[in-house]
Amino acid sequence: MRLWEMWATGIFLLGLAACAIQPVENAARVTDTPTATLTPTRTPVWFPPTETPTPIPTATPVPTLDMRPGVGEVVAKDDFTGNNWKTGESEAGRITLSRGELTLAVTAERGVLTSLRNGTLPGEGYLEITLQASLCRPEDVYGVLVRATSPRDGYRLLFNCSGFLRAERLKDGKIALLQDWTPVAGLPSGLLPARLGVWMAGQELRLFVNDVYQFSVRDPVWTEGSIGVYARAAGSSPLTVTFTALEVRALDASRLPTATPIPSPTP
């Protein structure tokens, strides 16, 4: 083959090669073009789970302690219509009995009035009496005596007009403190009518106000006597206290505790 033929043949082959390569480059360009990626959609939850509520624990019932065991039938009653009480007028004030009420009206500065019921009452039992004070200053004092043999001997249970309660023993006029002033549970004001209850068995006295337990005391000195009422003004202002509806119930000895610790007062 001549030289010029060889040169022409080479040129021809190079042209064929260029034509063969061109589709590949175009294909590469098509392949390199990015395609759109489909984003998956979240599958709907038609019945989503719900939180199970934590059950609230229920309180276990606790039996209520019977603070007045053995209380039975009424054995003594006084509606304050007879002549069972000492009445009259003195320098300290006056004591009157009228329309079913015994009234102690203290008029003297720091005056004291006491009235004792005639006869005796059961030394053991549950005694209730209603008290109400008026014209009462916070430090004025009023209350009752139980198992009393005189105004100077017995147990004295006192309210003040700030709503506190106290228990004392009187012997020959001397005071022995059994329970110092304690706020009366369930009685927001000392001026409201208060139904005082005294459970008396042996050496123990348990005090209640409007059926709410207050506290207990123990003392061996007095075992029987009567009941008295008491009022004392703290200053020169007058003090008036009325007493109504006295009632005493017997205690069933078979239902009394033999040895019971003194319970704590109601909060």
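Quick caveat, the model's predicted, so the values are computed rather than measured.
Side chain of S150 to backbone of R152: a donor-acceptor contact under 3.5 angstrom is found. Side-chain atoms of R249 come within 3.5 Å of backbone N or O of G72 as a donor-acceptor pair. The backbone N or O of L145 sits nowhere less than 3.5 Å from a side-chain atom of Y230 that would complete a donor-acceptor pair. Distance alone, capped at 3.5 Å, is enough to place a donor-acceptor pair between the W222 side chain and the L170 backbone. Side-chain atoms of D172 do not come within 3.5 Å of backbone N or O of K174 as any donor-acceptor pair. Panel note: side chain N210, backbone V212; no donor-acceptor pair is recorded below 3.5 Å. No donor-acceptor pair closer than 3.5 Å links the side chain of R255 to the backbone N or O of P69. Of the possible polar contacts, one joining the R206 side chain to the M67 backbone as a donor-acceptor pair under 3.5 Å is found.
By the 6.0 Å contact criterion, CG on N83 is open, its count of non-hydrogen atoms from other residues, nucleotides or ligands being 12 or less. Within 6.0 Å of CD on Q179 lie more than 12 heavy atoms contributed by other residues, nucleotides or ligands.
Smallest separation of non-hydrogen atoms from W199 and F208: CB-CE1, 4.1 Å. The shortest heavy-atom contact between T244 and I129 is O-CG1, 3.4 Å. Heavy atoms only, all atoms of each residue included: G143 and L131 are closest at CA-CD2, 3.9 Å. Closest of all the heavy-atom pairs between R147 and T223 is NE-O, 3.4 Å.
Atoms CG and CZ, from L104 and F243 in turn, are 5.5 Å apart once rounded to the nearest 0.5 Å. Atom-to-atom distance recorded for D219:CG and E168:CD is 12.0 Å, nearest 0.5 angstrom. The distance from atom OG of S216 to atom CD of E204, rounded to the nearest 0.5 Å, is 4.5 Å. In this structure, S236 OG and R110 CZ are separated by 9.0 Å, a value rounded to the nearest 0.5 Å.
Under a hydrophobic-cluster definition in which Ile, Leu, Val, Met, Phe, Trp and Tyr are linked whenever side-chain heavy atoms come within less than 4.5 Å, directly or via other members, V198 and V75 are assigned to the same cluster. Both V221 and L207 sit in one connected hydrophobic cluster of ILVMFWY residues. Membership requires side-chain heavy atoms under 4.5 Å apart, directly or through other members. Grouping the Ile, Leu, Val, Met, Phe, Trp and Tyr side chains by contacts below 4.5 angstrom, directly or via other members, places V144 apart from L116. Hydrophobic clustering, with ILVMFWY side chains joined whenever heavy atoms are under 4.5 angstrom apart, keeps V74 apart from L127.
Residue pairs that meet the ring-ring contact (aromatic ring centres under 6.0 Å, His included) test with at least one member in residues 79-114, sequence neighbours left out, are F80-W85.
For the pair W181 and L158, the minimum side-chain heavy-atom distance is below 4.5 Å. Side-chain contact check for Y213 versus R68: every heavy-atom pair is 4.5 Å or farther apart.
Ionic pairing of R166 and D180 is present here: one or more N-O contacts between side-chain nitrogen and carboxylate oxygen are shorter than 4.0 angstrom.
Put simply, the residue from V106, T103, D140 that forms a side-chain contact (heavy atoms from CB on, under 4.5 Å) with T240 is T103.
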